[in-house]
Asks: 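Below are the C-alpha cells for one structure; questions will follow.
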Amino acid sequence: MPISDFTAKLLELEDVIIKDISSSDTEIHVFFSLKRRPHTCPHCSSVTEQIHDYRTSIIKDIPFMGKKSFLHYSKRRYHCSCCGKHFYESFPLLPKHCRITTRLAFYSIHLLKNRYSVHSAASLLGISDSSVFRRLKDICYPKPSSLPKVLSIDEFKGNAGSQKFQAILTDTEHHRLFDILPSRSQTSLMRYFQQFPNRKKVAYFVMDMNQVYRDLALEYFPNAKLVIDKFHVVRYVTWALENVRKRIQKQMHPSKRRYFKRSRRLLLTHRKKLNEEGVLALEVMLQQSPDLATAYHLKELFYEFMESESREEAVHRLKFFRIAAQASELEEFDPCLTMLANWAKYILNAFECPYTNGYTEGTNNAIKVIKRNAFGYRNFSNFRNRIFLALT
Ligand SMILES: [Zn+2]
C-alpha cells in the first residue's frame with residue numbers, strides 16, 4: 001500500500017489522494033483531492049468523467065494528535081458534455097456549503113451529550129457557537145406518541161422562549177425523560193395532554209401540591225391515582241416547629257437563650273437518631289416551654305407517620321397526628337392541617353406505590369446545570385433538544 005493510502009486510512013479519509021501534509025506545534029494541514037471517477041450529472045443524468053476545474057476549500061476537521069486540523073480539499077468540478085453544465089463532485093464527509101466536516105459537527109454534539117455547554121464545546125473545537133447551534137437544530141426529538149403508565153410532572157424556571165416556567169414530564173417507572181413543554185400553564189398542558197389517545201392508561205400521576213396539576217389529572221387521567229411525593233409534605237411540619245421555636249426564643253430571657261444553641265438541628269432530627277448528649281440537650285430545651293415540647297412531640301408523630309410501611313398504617317398514624325395537632329391549639333400548625341385537609345387523600349396514595357418525584361427532581365437539577373452553563377436559551381426548541389441530548 002502506498003504511504004499516502006496509509007495516511008488516508010489513519011485520518012479515516014478513505015478514497016482520497018493525499019498530496020501533502022504540513023504541521024506546526026498546534027496545527028495540522030492535510031492537502032488532498034478525491035479519486036477521479038465517473039459522475040452522474042445532476043441536471044441531465046448522463047454520466048461524465050470530464051474535469052472542468054478545481055477549487056480549494058479549507059475545512060476544519062476534528063482535532064488530530066492534539067492539534068487543530070484543517071483539510072485543504074481540492075474540489076473538482078466536472079463538465080457534462082451532454083448538457084454543457086458544470087457541477088461539483090460529491091463528498092459525504094462534507095455537506096454542501098460547510099466549513100466543518102460532518103464528523104466534527106457530530107463530535108461537537110457528542111461533547112454536548114457529555115454536559116459541555118455550546119460555548120465550551122465550540123471553543124474547544126475552534127468553531128463558532130453558531131455552527132454548534134446549527135447542528136443542534138438538525139437534531140430532532142419528536143413528541144412521544146403515547147403516555148407512560150407512571151407519569152410525573154414538575155416545573156422549572158427555564159426562561160426559554162417567552163415563558164418563565166417550563167414543565168418537565170418523566171416516565172417515573174423507567175426513569176426516563178418523557179418530554180419538556182414550553183409552558184406549565186393550564187391551557188398549554190390541556191392542549192398537550194389532549195393529543196394522547198391512551199390517557200386512560202395512565203395509572204399513576206406523581207406531582208407536587210399544585211391545584212392546576214390536580215384538576216388537570218382528574219379530568220384527563222380518569223383512571224390514574226394521584227400521588228403527592230411525601231417529601232414535599234414534611235416541610236409543613238418542620239416550618240410549624242421552627243415557628244414555635246422562634247416565638248419561644250423571642251419571649252425568652254437572654255440568659256436562657258444559650259439552651260437554644262444548635263436548637264434547629266436538635267429539634268428537627270428524628271429523636272431516635274440523636275446520641276445521648278443530643279437527647280440531654282434536647283430535654284433541657286423542651287423543659288423551657290410546654291408549647292415547644294408539644295410541637296416537638298407532633299413533629300415526631302409526623303415522622304412516624306412518614307415511616308409507615310403500608311397504607312393502612314399510614315391512614316391510622318395520620319389520623320392520630322391530625323387529632324393531636326388540632327388538640328394542641330398551636331396556631332403554627334394551622335397551615336399544616338389545612339394542607340392535609342386538601343391533600344391527605346393523595347399523600348396517602350404514596351404509601352401504596354414505590355413512585356416518587358425523585359427522578360424528576362434529579363432531572364430538574366441536571367437541567368439547571370445546562371441552563372447555567374448556557375446562560376439561558378432564548379429558543380425553546382434548542383433548549384428542549386439540548387436537554388434531551390444530555391439526558392437521554
Ligand atoms: Zn448534464
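Along the sequence shown, residues carry numbers from 1. We count ligands from 1, going down the list as the structure has it; atoms in each ligand are counted the same way.
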Asks: Within His43, is some N, O or S atom less than 2.8 Å away from the Zn ion (ligand 1)?
Replies: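 So His43 does not bind the Zn ion (ligand 1) by this criterion.
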Asks: Got a salt bridge between Arg271 and Glu283, using NZ or NE/NH1/NH2 to carboxylate O under 4.0 Å?
Replies: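 Yes, Arg271 and Glu283 are salt-bridged.
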Asks: Quick check with a 6.0 Å cut-off and a 45 degree axis cone: is Arg184 positioned over the face of Phe165's six-membered ring?
Replies: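 Yes, Arg184 lies over the aromatic ring of Phe165.
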Asks: Can you give the angle Cys41 SG - the Zn ion (ligand 1) - Cys80 SG, rounded to 10°?
Replies: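 That angle works out to 110° after rounding to 10°.
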Asks: One thing to verify: whether Glu331 and Arg247 come together as a salt bridge, which I'm taking to mean a side-chain N less than 4.0 angstrom from a carboxylate O.
Replies: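 No, no charged N to carboxylate O under 4.0 Å.
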Asks: With the threshold set at 4.0 Å, does a side-chain nitrogen-carboxylate oxygen contact exist between Asp179 and Lys143?
Replies: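 Between Lys143 and Asp179 there is no salt bridge, as every charged N stays at least 4.0 Å from the carboxylate O atoms.
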Asks: Could you confirm whether Cys83 has any N/O/S atom lying under 2.8 Å from the Zn ion (ligand 1)?
Replies: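 True for Cys83.
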